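What you see is a predicted model; the values in this text were computed from it and never measured.
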Amino acid sequence: MMQGLEQSSVELVNPLGESDVLLVCEHASHYIPDSFTNLGISQAERLSHIGWDIGAADMARALSSMLDASLVLQRYSRLLYDCNRPPSEASAIPPLSEVTEIPGNKALTAEQRNYRVERIYEPFHQEIATQIATRKTAGRATILVTIHSFTPVFMGVNRAVQLGVICHENNTFANSFYRGARKLSHFDIRMNEPYGPSDPVLHMVTRHGDEQQIPNVMLEVRNDLIVDDAGQQECATLVAETLNSLT
């Protein structure tokens with residue numbers, strides 16, 4: 001069976017939302033078309049944190065509703081292509097994720113790699129660029145907020161942090177968000193944990209936020225907090241209240 005990506009990589013939620021906030025969820029889905037035969041991994045592995053950001057999409061949807069904010073979701077598994085990585089980054093199509101080998105990502109030809117870039121990465125990022133440009137033309141402000149989740153245990157190490165505010169050190173908006181969230185919440189909230197500028201995780205907010213001089217923040221929520229509706233609503237409420245206090 002020929003490998004093919006039959007659907008758009010972009011799902012829009014509430015595209016006419018009136019909030020200044022533009023929400024993005026790069027790792028919203030664990031979907032891998034049948035023609036890719038799960039990239040050679042098990043179903044359980046695909047559904048685990050290596051295949052997507054567990055709970056992030058549903059939390060982002062809840063946040064979109066609370067804020068009346070537009071939301072851009074990515075519709076394929078991060079293992080097919082990680083849209084928070086540029087095409088030049090080897091981990092954009094990872095042959096290894098944590099300790100799991102991804103056979104379907106090994107020994108790809110330039111043509112196979114470019115196919116995923118052209119069908120997943122480029123349309124997704126073009127939609128975000130278009131959303132921002134349309135707002136600018138209309139005289140609207142934009143605040144870019146990306147929603148992610150992370151596993152409580154990584155490479156055998158427990159992670160105590162519950163909400164990470166990820167940004168470059170000179171990001172004044174993200175720093176204000178951090179201070180505001182700490183005032184409103186009992187959660188363990190930290191700057192640049194479990195990831196930070198030294199990791200290749202800031203591509204989205206750099207390309208569409210920093211380079212466009214748009215306020216931005218990347219949020220990482222520990223996924224055991226958002227596995228159900230109650231947790232998703234609680235975390236979305238915290239983020240919404242914090243954002244509302246800053247705008």
Side-chain angles (χ1 to χ4, degrees), residues 8-29 53 56-76 83-86 120-149 163-181 183-185 189 191 197 201-221 226 232-233 235-247:
S8 167
S9 63
V10 180
E11 179 183 353
L12 297 178
V13 176
N14 194 20
L16 300 179
E18 295 187 359
S19 173
D20 289 346
V21 173
L22 174 62
L23 298 168
V24 174
C25 190
E26 300 102 291
H27 307 146
S29 175
D53 281 358
D58 286 335
M59 177 186 158
R61 290 177 189 276
L63 188 56
S64 169
S65 178
M66 291 175 186
L67 295 172
D68 189 24
S70 299
L71 165 63
V72 186
L73 297 159
Q74 206 283 107
R75 301 173 73 192
Y76 287 103
C83 280
N84 198 26
R85 305 287 191 277
I120 301 177
Y121 174 85
E122 291 180 355
F124 186 69
H125 281 268
Q126 183 56 56
E127 179 60 42
I128 295 163
T130 298
Q131 292 262 345
I132 293 171
T134 300
R135 288 165 174 254
K136 185 175 182 180
T137 299
R140 291 183 60 185
T142 299
I143 298 170
L144 179 65
V145 179
T146 70
I147 304 298
H148 298 255
S149 72
L163 172 62
V165 180
I166 318 300
C167 64
H168 294 294
E169 291 181 3
N170 61 352
N171 187 322
T172 56
F173 180 81
N175 278 277
S176 295
F177 182 95
Y178 168 73
R179 292 191 296 269
K183 291 178 182 178
L184 293 172
S185 178
I189 303 173
M191 287 292 294
V201 299
L202 290 171
H203 176 61
M204 176 66 66
V205 293
T206 298
R207 174 174 173 175
H208 298 287
D210 296 341
E211 293 179 3
Q212 303 300 320
Q213 297 183 317
I214 289 171
N216 64 84
V217 63
M218 174 180 173
L219 300 178
E220 286 274 2
V221 184
I226 53 173
Q232 292 154 12
Q233 292 289 327
C235 290
T237 297
L238 168 61
V239 173
E241 289 179 351
T242 304
L243 289 170
N244 284 334
S245 74
L246 301 176
T247 56

Partner of V13 under side chain to side chain contact (heavy atoms under 4.5 Å, CB included), chosen from C25, S64, S65: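 The single option meeting the side chain to side chain contact (heavy atoms under 4.5 Å, CB included) with V13 is S64.
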
Shortest non-hydrogen contact from C167 toward M191: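 Shortest heavy-atom separation between C167 and M191 comes out as SG-CE, 3.4 Å.
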
Say whether, by atom type as modelled, one donor and one acceptor occur between the side chain of [X] and the main chain of [Y] under 3.5 angstrom.
| X | Y | result |
| --- | --- | --- |
| N84 | M204 | yes |
| S185 | A181 | no |
| D53 | H27 | no |
| N14 | L71 | no |
| Q74 | A28 | no |
| R135 | D20 | yes |

Euclidean distance, H203 NE2 relative to C83 SG, rounded to 0.5 Å: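 Taking SG in C83 and NE2 in H203, the distance rounds to 8.5 Å.
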
L23 side, atom CG; L243 side, atom CG - distance, nearest 0.5 Å: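 Those atoms lie 8.0 Å apart.
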
Results of side chain to side chain contact (heavy atoms under 4.5 Å, CB included) for E127 - residues two or more places apart only: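 For E127, the residues satisfying side chain to side chain contact (heavy atoms under 4.5 Å, CB included) (neighbours in sequence not counted) are V10, L12, V72, Q131.
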
Ring geometry between H125 and H208 (parallel below 30°, tilted from 30 to 60°, perpendicular above 60°):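 Parallel, since the angle between the ring planes stays under 30°.
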
Any side-chain heavy-atom pair of V145 and F177 under 4.5 Å: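 They are not in contact (no side-chain heavy atoms under 4.5 Å apart), so the answer is no.
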
4.5 Å side-chain heavy-atom contact, K136 and T142: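 No. Closest side-chain heavy atoms not under 4.5 Å.
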
Check: H168/T206 side-chain N/O donor and acceptor closer than 3.5 Å: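 A donor-acceptor contact under 3.5 Å links the two side chains.
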
